[in-house]
Amino acid sequence: MSFAVTLDSLAFEKSSLVRRFEELIAPKSDADLESMAQTARSLTLQNFGRTMRLFAPLYLSNECINNCRYCGFSRDNPILRVTLSVEEVVAEARYLRGAGFRQILLVAGEHPRFVSDDYLVECVRTLAPDFPSISIEVAPMASSEYVPVVRAGAEGLVVYQETYQRAVYAEMHTAGPKRDFDYRLDCPERAYDAGFRRLGIGALFGLWRWQDEAVALAAHIEYLLRRCWQAQITVSLPRLRPAAGGFRPLFSMSDREMAQLVCALRISFPQVGIVLSTRERPSLRDALVSLGVTMMSAGSHTEPGGYTRRGSDHLHQTVRGRIIPPEFQDGQDQLATGQFEISDDRPPERIAAILRERGFDPVWKDWEQALSQ
Ligand code: SF4
């Protein structure tokens, strides 16, 4: 049974676990929230120790055939675009390796002409010897299309549903194949069937009431833990950030609510990884570390070529799939446009030092895989 069946009946039928989760995210007094925080801290310690996995996104391309109202890469945005060559990807990856990273997330907009399956496989195969953990966040594919990507060396797949509300999803995704809600929703299972053993899901907070999104996310985690039982499940909690196109969040989620959500997830799903990106500002990231977050990006760039300024010599704009020369605005940096603005721009070594000061071990390389072989 697909998760869509569970999702569509969530308004009138919830599992006992999801009902308990819903109680945990209801408004709480300061004392109750502190008690939740203590439980979450202790469960995180029991299940993950004092470790924090560090990873970096590596953007391959910002071409996209979809229009997502909240995203700077949307096809109708007149941004500077580029798809890095494999050599340029290698240069970016070398930079990240030099900074200490052994876990990378390859990210690309959704454009089959620029980011073909073969290109993706070649990128993964070329980087695999240097990176024990490679995950991808690209256009959803069929299981058969995922198989060569896994064989090339990718082990993780990240796909956010963005919003679990069908009507909001239809309103936000105005053009392109991403409009197919169910195809995206079933993507983690297709990836699992192809051999991916790390599955990352998430909702983009700011498109709808966060509590409704969180309940759907919890139900999705519960479903995937059963259906994809051999995979490690991680959950990301991105809040909308300013991006090209000027979209602003429609619904707010306070820092306190974000902290409560992290605690509720940890209490409900003690073994699920919780991922925090550089979208959040430094003080909040530092505060959430001890509550349940287990994986953080650091020193991130969301523009292809952003680490080494590679790709700037073939920047362009894309109009209806046609490449046209770029029009630079006065004073504009001649670098591809990023997906969204970063809040925490501290370099990775600074983040690692702060983690150590707080008693955490920053983990650049994931040893689980080697130990389980
Ligand atoms: S969210 Fe993804 S699919 Fe949508 S415009 Fe951005 S890159 Fe493209």
Side-chain angles (χ1 to χ4, degrees), residues 1-15 17-19 21-27 64-77 109-111 137-141 157-191 199-224 227 233 235-254 257-258 260-261 264-265 268 279 339-340:
M1 189 180 76
S2 130
F3 176 61
V5 178
T6 309
L7 180 65
D8 291 339
S9 55
L10 210 50
F12 47 91
E13 188 181 356
K14 296 183 183 74
S15 71
L17 178 60
V18 173
R19 279 203 305 276
F21 174 83
E22 200 172 21
E23 283 162 18
L24 288 171
I25 61 167
C64 197
I65 48 172
N66 295 305
N67 266 336
C68 306
R69 285 180 51 201
Y70 48 82
C71 178
F73 290 174
S74 284
R75 77 175 187 207
D76 288 347
N77 283 343
E110 303 190 4
H111 203 309
E137 185 178 348
V138 300
M141 300 179 192
L157 177 119
V158 174
V159 58
Y160 302 154
Q161 190 60 29
E162 322 291 15
T163 171
Y164 286 91
Q165 322 304 316
R166 285 181 185 274
V168 179
Y169 189 95
E171 204 182 311
M172 289 296 140
H173 303 101
T174 54
K178 190 169 173 180
R179 284 179 59 75
D180 189 338
F181 181 95
D182 288 314
Y183 189 70
R184 193 170 188 87
L185 195 66
D186 294 340
C187 183
E189 294 97 295
R190 293 196 304 276
L199 301 173
I201 61 168
L204 188 53
F205 291 97
L207 301 176
W208 186 248
R209 286 183 66 237
W210 72 267
Q211 295 89 341
D212 295 337
E213 301 290 16
V215 165
L217 196 52
H220 201 180
I221 296 169
E222 186 183 32
Y223 168 85
L224 289 175
R227 165 68 170 78
I233 309 295
V235 59
S236 300
L237 313 169
R239 288 192 290 189
L240 260 173
R241 292 286 303 147
F247 187 84
R248 290 287 176 270
L250 305 169
F251 291 82
S252 66
M253 179 192 202
S254 68
E257 289 167 334
M258 169 65 88
Q260 184 176 352
L261 177 56
L265 284 167
S268 306
R279 286 171 182 259
Q339 191 174 26
F340 53 83

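The first residue of the sequence shown is numbered 1, and numbering continues consecutively from there. Note that the coordinates shown come from a computational prediction; the quantities given were computed from them, not determined experimentally.
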Handout entry: Identified side-chain contact (heavy atoms from CB on, under 4.5 Å) partner of His220 from the options Leu185, Val235, Thr6, Val18
Key = Leu185

Fill in the blank from the handout: Heavy atoms of Tyr160 and Ser236 approach each other most closely as OH-OG, 3.1 Å

Exercise for the section: Compare every heavy atom of Leu157 with every heavy atom of Cys187, then report the nearest pair and how far apart it is. Expected result: SG-CD2, 4.1 Å

Handout entry: Partner residues of Arg279 under the salt bridge (charged side-chain N to carboxylate O under 4.0 Å, His left out) criterion, sequence neighbours left out
Key = none

Practice task
For side chain to side chain contact (heavy atoms under 4.5 Å, CB included), just list the numbers for Gln339 and Arg241, CA-CA rounded to whole Å, side-chain angles, deciding distance to a tenth of an Å, and then say yes or no.
Solution key: CA-CA 9 Å; Gln339 191 174 26; Arg241 292 286 303 147; over 6 Å; no

Problem - All ring-ring contact (aromatic ring centres under 6.0 Å, His included) counterparts of Tyr70, not counting sequence neighbours - result: His173

Exercise for the section: State whether the side chain of Ser74 and the backbone N or O of Asn77 hold a donor-acceptor pair below 3.5 Å, judged by distance alone. Expected result: no

Problem - 4.5 Å side-chain heavy-atom contact, Arg69 and Leu207 - result: no

Practice task
Compare all side-chain heavy atoms of His111 with those of Phe73 and state whether any distance is below 4.5 angstrom.
Solution key: no

Exercise for the section: Evaluate the side-chain proximity of Phe340 to Phe247: yes if any heavy-atom separation is below 4.5 Å, no if none is. Expected result: no

Handout entry: Verdict with reasoning, Leu24 to Gln260, per side chain to side chain contact (heavy atoms under 4.5 Å, CB included)
Key = CA-CA 8 Å; Leu24 288 171; Gln260 184 176 352; 5.9 Å; no

Practice task
Indicate yes or no for a side-chain donor-acceptor contact from Arg190 to the backbone of Tyr183 under 3.5 Å, with no hydrogens or angles considered.
Solution key: yes

Handout entry: Partner residues of Phe205 under the ring-ring contact (aromatic ring centres under 6.0 Å, His included) criterion, sequence neighbours left out
Key = none

Exercise for the section: Assess whether side chain to side chain contact (heavy atoms under 4.5 Å, CB included) is satisfied between Leu261 and Met253, documenting all intermediate values. Expected result: CA-CA 10 Å; Leu261 177 56; Met253 179 192 202; 3.5 Å; yes

Practice task
Answer yes or no: is there a side-chain heavy-atom contact under 4.5 Å between Arg227 and Pro188?
Solution key: no

Completion exercise
Minimal heavy-atom distance between Ala203 and Pro238, with the atoms involved, is O-CD, 3.2 Å

Completion exercise
dist Trp208:CH2 -> Met172:CE (nearest 0.5 Å) comes out at 10.0 Å

Handout entry: Counterpart residues, salt bridge (charged side-chain N to carboxylate O under 4.0 Å, His left out), relative to Glu162 (two or more places apart)
Key = Lys178, Arg184

Completion exercise
One should read off an interatomic distance between Leu237 CG and Leu204 CG, to the nearest 0.5 angstrom, of 11.0 Å

Handout entry: Partner set under side chain to side chain contact (heavy atoms under 4.5 Å, CB included) for Arg209, not counting sequence neighbours
Key = Gln211, Asp212, Phe251

Fill in the blank from the handout: Between the CG atom in Asp180 and the CG atom in Asp186, the distance rounded to the nearest 0.5 Å is 9.0 Å

Practice task
State, to 0.1 Å, how close Leu7 and Ala216 come at their nearest heavy-atom pair, and which atoms those are.
Solution key: CD1-CB, 3.8 Å

Problem - With sequence neighbours excluded, residues passing side chain to side chain contact (heavy atoms under 4.5 Å, CB included) with Asp76 - result: Asn67

Completion exercise
Residues Phe181 and Gln161: closest non-hydrogen pair is O-NE2, 3.3 Å

Completion exercise
Leu17 and Ser268 have their tightest heavy-atom pair at CD1-O, 3.8 Å

Handout entry: From SG (Cys64) to CD (Glu110), nearest 0.5 Å
Key = 5.5 Å

Handout entry: Inter-residue atom distance Leu217.CG - Trp210.CH2, 0.5 Å rounding
Key = 11.5 Å

Exercise for the section: Measure the shortest side-chain to side-chain distance between Leu250 and Leu240 over non-hydrogen atoms and say whether it is less than 4.5 angstrom. Expected result: no

